[in-house]
Structures are given as C-alpha cells and as structure tokens.
J.: 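First the structure, which I've put down as structure tokens, then a few questions once you've had a look.
Values below: all heavy atoms of this structure, side chains included; hydrogens, waters and symmetry mates excluded.
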Amino acid sequence: METVVIQPSIAVLISLVIAIKAYKRKSLDVTGAVAGFIVMTLHLAISYRFGAVLLVFFFTSSKLTKVGEDKKRSIDAEFREGGQRNWMQVLSNSGIASVLALAVWRLAGWEDKCLDGKESAVITSLIGGIIGHYSCCNGDTWSSELGVLSDAQPRLITTFKVEDIFFSSHTHASPVKLMPFHNSRIMRQ
C-alpha cells in the first residue's frame with residue numbers, strides 16, 4: 001500500500017522540481033517542461049531505477065548542449081540558447097522507454113524488478129529495452145552536441161562524401177561524431 005501512494009507522490013515532487021529548473025535554465029521550453037514532467041513522473045512512479053536512467057540521459061545531454069554554445073550559435077541557424085527542447089523532442093527521446101516502462105508496470109505491478117532472466121525473461125527484456133533505448137538516445141544526442149564542435153568537414157551519412165550541406169548540430173556527420181557514436185538522423189541537404 002505504501003508504494004502505491006508514496007512512490008508516485010515522490011515522483012510528482014521530484015519531476016515538478018526538475019521540470020521547473022529545466023525550464024528556468026532554458027533546457028526545456030514550456031511544452032518540453034510539461035512533457036518532461038509527465039514522462040519523469042511516469043518513470044519514477046513505476047521504478048526509481050527507470051527514473052535514474054532517464055535523469056542520467058537528461059542531465060548529461062543538457063550539460064553537453066551547453067558545451068561550445070558560442071560556436072554552435074555561429075554555425076547553427078536553428079540554435080536555441082540552452083537547447084530549449086520542446087515536447088516533440090522530449091517524447092522522441094523518451095516515448096519508447098515510457099511504453100516499455102508501462103509494460104513492466106502492467107506485468108509486475110508496483111513490485112520493483114531487476115534484470116533477472118530466470119524469474120521473468122519478458123520483464124528482463126523490457127528493462128533491457130529501456131536501458132538500451134536511453135543508450136541509443138545518449139549516443140545520438142551526445143554525437144550531435146559534440147560533433148558540431150569538430151573542425152572536420154561534415155559528411156553525408158548516406159555516402160560519407162564531403163559535400164556542401166546545411167550545417168546544423170543535428171544534421172551532419174564528421175569523423176569525430178561517427179567514431180564513438182552511432183548517428184541515426186536523416187540528413188538534409
């Protein structure tokens with residue numbers, strides 16, 4: 001009974017504080033803060049572990065967004081101070097994990113589960129999916145935020161040829177960006 005009341009209450013409180021601070025620091029716009037509040041509340045209410053994975057992604061990515069802001073501002077026509085992610089970006093980076101978290105909750109209820117294939121291969125797979133999802137999101141976001149700082153000429157990810165393309169932190173690939181991370185964005189010319 002305690003988990004059913006206490007954990008969601010704590011989730012709402014933590015999510016509200018983080019959403020307000022993220023909005024004030026310009027990491028999220030108003031729509032992003034509302035969507036972030038909902039997603040974070042969901043993750044934390046189901047499992048503190050899911051909330052922790054989401055928070056690691058959010059905090060590290062928000063920090064990297066602010067790295068090299070002056071250079072990003074000078075080359076990116078779509079630059080927004082602090083990143084100011086909106087609801088679409090929040091859901092793009094958390095939607096799949098949110099669905100997986102809901103599936104875990106549906107199968108396990110309020111019982112916190114670990115990665116244990118012997119007890120439940122399905123729940124273990126779903127939890128692994130949440131971890132994998134945020135790992136991919138980290139790779140994509142980090143490569144976008146760090147790759148734009150490279151002095152190497154951008155390359156089309158489809159041909160790896162150096163070409164004159166629209167240069168944005170979210171639409172180019174450079175050797176620095178491709179080496180450590182997989183970039184799955186569709187390239188615009």
J.: For Glu145 and Arg85, which heavy atoms make the closest approach, and how far apart are they?
T.: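 For Glu145 and Arg85, the tightest heavy-atom pair comes out as OE2-NH2, 2.8 Å.
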J.: Could you tell me the separation between the NE2 atom of His133 and the CG atom of Leu126, rounded to the nearest 0.5 Å?
T.: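 Reported value, rounded in 0.5 Å steps: 13.5 Å.
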J.: Are Phe37 and Leu28 packed together at the side-chain level, in the sense that at least one heavy-atom pair is separated by less than 4.5 angstrom?
T.: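 Counting from C-beta outward, Phe37 and Leu28 never come under 4.5 Å.
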J.: Can you confirm whether more than 12 heavy atoms, excluding those of Ile96, are under 6.0 Å from its CD1 atom?
T.: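 Atom CD1 in Ile96 is not packed in, count stays at 12 or less.
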J.: Do Ile6 and Phe50 sit in the same hydrophobic cluster, where Ile, Leu, Val, Met, Phe, Trp and Tyr count as joined when their side-chain heavy atoms come under 4.5 Å apart?
T.: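 Linked, Ile6 and Phe50 end up in one cluster.
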J.: Please tell me whether Phe57 and Met88 are part of a single hydrophobic cluster in this structure, the criterion being side-chain heavy atoms less than 4.5 Å apart.
T.: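 Phe57 clusters together with Met88.
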J.: If I compare all heavy atoms of Pro8 with all of Ala45, which pair ends up nearest, and what's the gap?
T.: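 For Pro8 versus Ala45, the nearest heavy atoms are CA-CB, 4.0 Å.
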J.: Is there a path of hydrophobic side-chain contacts, each under 4.5 Å between heavy atoms of I, L, V, M, F, W or Y residues, that connects Ile20 with Ile38?
T.: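 Per the 4.5 Å side-chain linkage, Ile20 and Ile38 are co-clustered.
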J.: When Ile, Leu, Val, Met, Phe, Trp and Tyr are grouped by side-chain heavy atoms lying under 4.5 Å apart, directly or through other members, which residues fall in the same group as Val30?
T.: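 Joined to Val30, directly or through intermediates: Tyr23.
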J.: If I take atom CD1 from residue Ile10 and atom CG from residue Leu44, how far apart are they, to the nearest 0.5 angstrom?
T.: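 So the CD1 of Ile10 and the CG of Leu44 are separated by 9.5 Å.
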J.: Determine whether Phe58 and Ile131 fall in the same hydrophobic cluster, where Ile, Leu, Val, Met, Phe, Trp and Tyr are linked whenever their side-chain heavy atoms lie under 4.5 Å apart.
T.: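 Shared cluster, yes.
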J.: On a heavy-atom basis, which atom in Asp29 and which in Gly32 lie closest, and how many Å separate them?
T.: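 Minimum heavy-atom contact is OD1-N, 2.7 Å.
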J.: Does anything in residues 39-48 pair up under side-chain hydrogen bond (donor to acceptor under 3.5 Å, both in side chains), and if so which pairs, sequence neighbours excluded?
T.: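 Found Ser15-Thr41, His43-Tyr134, Ser47-Asp112.
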J.: Do Leu16 and Ile14 share a hydrophobic cluster (ILVMFWY, side-chain heavy atoms under 4.5 Å, transitive)?
T.: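 No, Leu16 does not connect to Ile14 through the hydrophobic network.
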J.: How long is the straight-line distance from CG of Leu54 back to CD1 of Ile18, given to the nearest 0.5 Å?
T.: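 Here the rounded value is 8.5 Å.
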J.: When rounded to the nearest 0.5 angstrom, what is the spacing between CD in Gln89 and OG1 in Thr141?
T.: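 Spacing of CD (Gln89) from OG1 (Thr141) equals 9.0 Å.
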J.: Should Ile130 and Arg49 count as side-chain neighbours, where that means a heavy-atom distance under 4.5 Å?
T.: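 Contact flag for Ile130/Arg49 side chains = no.
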J.: Which donor-acceptor pairs under 3.5 Å do side chains of residues 98-107 form with protein atoms, sequence neighbours excluded?
T.:
unit_1 : atom_1 : unit_2 : atom_2 : d
Ser98  : OG     : Ser94  : O      : 2.8

J.: Do Trp142 and Thr60 have side chains that get closer than 4.5 Å, going by heavy atoms?
T.: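 Trp142 reaches Thr60 side chain to side chain.
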J.: For Gly51 versus Met40, what's the shortest heavy-atom pair and its separation?
T.: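 Nearest heavy atoms, Gly51 then Met40: O-CE, 4.1 Å.
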